[in-house]
Amino acid sequence: MKTALWLYMFLFLAFFDLHAQYPVLTPFAISLGAAPAFIGWMMGIYALTHLPGNLIAGGLIDRHGSRRYIIFSLTAAGIILLLQAHVQLPWQLLVLRSISGFVLAFLSPACLALLASLSKDPVTQGKYMSGHGLVHTLASVLSPAAGAFIVANTGFSGTFQSLGWLLIFTGIMAFLSLPKQAAEAVGKKEAKVPSNQGTTRLPFSLRLYLFPFVIACSQGILFFEIPLRDSGQASIMSTGLLFSVISLGALVTLSMLFLNRYPPRARVAAGVLGLAISFYLLAAADQLPLTVTLFLLGLSKGLLFPALSSLFIELSGGTRLGRVFSLQSIAMSLGSFVGPIAAGQLRTIVSPYFIAFLMLMTVLLLLPHQKRVEPSATLAPETTPVSPL
């Protein structure tokens, strides 16, 4: 539990630091003379460079444990922010953002793998995943306003320097505080798994990664559409408040720790269905207050994300968690990149919210109905269970 508390503190500081940049990056790029199209690439390149980082992170975390990669990710991201404080040209900002996306790709898989390795009890693991989501959501509620406040008082350069030193300090704290033995439990466990038992049979494994892809894609659509409401005339302050409404809704369900006693599959199904209904209301129920719909959407997010992580742990049998969560991060990065692009191309033809609704309802049909096959089980080929879908 002590390790989990330390990790939550590091995660809060890291997420706070990263989310505090969101209201700052676009005005900073404009101050450098960047065009809107360039700013779009600057925002998207972060998700793209996540992909190679996630691919590399999975195997390394499984072999060496999470500790060193948490420290590396936090410290390297802090150094990049210190360099970002001295940027003079738009292309320099683009390069630093791309590097930042790569180094931070190690953080989430390493933290999730470490949290999952702290307990074998599914309910306790679910609580750890909920804690991760709670910390992330709290940071996302508080940090944008804090970032705007720091900019108003210290300017862009002072803001990036402050946030950079905060990340470096967090990395040093992780180096001094995270127990080496606990952090490397995942890697040691993998080393003991015989080669003929190292892979859990999952007939639906690739299909399962459609869930984080579609969820991230729908989120990308939401983040693209909300600032463009009222023909793009809505104020930055009102847009920020609407995003805070989503986070507050997520906080409500994340705080309901008793939900972790229910099976992950049931919680995932309920969360995806709730998201789908929320997007349908956004597309078709104009008379319903937007804040109400977004709060309902946040409730579904708070239920869904810890449940999805718990489902991945359950289906993997608790092995190769670095690869499992790296693939999940890859799917989410792809979805975050595809969602806004699809919304921008199709919004004159059909409501992007309705597209998100259709995707979520479709992927809900693909939720696996059977439990995993234990790695130790020896089954003849004809007895291997086959997914009905």
Side-chain angles (χ1 to χ4, degrees), residues 4 8 108-109 111-113 115-138 140 200 202 204-205 207-219 222 246-281 293-318 321 324-325 327-329 331-332 335 356-357 359-372 387-389:
Y8 287 148
S108 184
C111 290
L112 287 171
L115 281 172
S117 70
L118 295 179
S119 174
K120 304 301 180 186
D121 178 53
V123 174
T124 304
Q125 287 178 333
K127 290 180 179 179
Y128 284 146
M129 295 301 113
S130 294
H132 176 272
L134 184 64
V135 166
H136 195 169
T137 305
L138 278 172
S140 67
T200 301
L202 289 173
F204 42 74
S205 59
R207 187 171 64 200
L208 193 63
Y209 285 105
L210 287 174
F211 279 81
F213 172 80
V214 169
I215 292 166
C217 192
S218 64
Q219 279 197 125
L222 183 71
I246 299 173
S247 298
L248 289 173
L251 278 176
V252 172
T253 42
L254 285 168
S255 301
M256 299 178 181
L257 297 181
F258 66 88
L259 292 174
N260 298 303
R261 298 186 178 275
Y262 294 94
R265 182 189 174 279
R267 288 183 282 141
V268 169
V272 172
L273 180 60
L275 278 184
I277 293 173
S278 299
F279 276 102
Y280 183 83
L281 294 176
T293 305
L294 293 179
F295 186 80
L296 293 174
L297 190 148
L299 290 175
S300 301
K301 282 183 59 179
L303 175 65
L304 176 60
F305 281 99
L308 189 62
S309 297
S310 296
L311 183 62
F312 274 93
I313 295 170
E314 178 185 288
L315 294 175
S316 68
L321 292 175
V324 167
F325 288 121
L327 288 172
Q328 180 183 353
S329 296
M332 297 199 73
F357 164 74
M359 290 192 302
L360 288 164
M361 290 303 294
T362 301
V363 81
L364 185 59
L365 299 175
L366 303 178
L367 187 64
H369 292 281
Q370 65 218 59
K371 294 184 178 180
R372 64 182 178 88
S387 172
L389 296 176

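All figures in this text were calculated on a predicted structure; none of them were measured in a lab. We're numbering straight along the sequence, starting at 1.
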Those residues that, when tested against [X], pass side-chain contact (heavy atoms from CB on, under 4.5 Å) (two or more places apart):
X: Cys111; answer: Leu7, Leu11, Ile70, Leu107
X: Ile277; answer: Leu273, Leu281
X: Tyr280; answer: Ala284, Phe354, Phe357
X: Val268; answer: Phe211, Val272, Leu304, Ala307, Leu308, Leu311, Leu367

Answer whether the closest heavy-atom distance between the side chains of Val363 and Phe213 falls below 4.5 Å. no
Does any non-hydrogen side-chain atom of Phe312 lie less than 4.5 Å from one of Pro264? no
Measuring from [X]:[atom1] to [Y]:[atom2], what's the distance to the nearest 0.5 Å?
X: Ile246; Y: Phe295; atom1: CD1; atom2: CZ; value: 11.5 Å
X: Phe305; Y: Ser310; atom1: CZ; atom2: OG; value: 13.5 Å
X: Thr362; Y: Leu210; atom1: OG1; atom2: CG; value: 10.5 Å
X: Gln328; Y: Tyr209; atom1: CD; atom2: OH; value: 7.5 Å
X: Cys217; Y: Met359; atom1: SG; atom2: CE; value: 3.5 Å
X: Leu365; Y: Leu360; atom1: CG; atom2: CG; value: 11.5 Å

Is there a donor-acceptor contact under 3.5 Å from the side chain of Thr253 to the main chain of Leu299? yes
What side chain to side chain donor-acceptor pair (under 3.5 Å) pairs are there with at least one residue in residues 298-308, not counting sequence neighbours? Gln219-Lys301
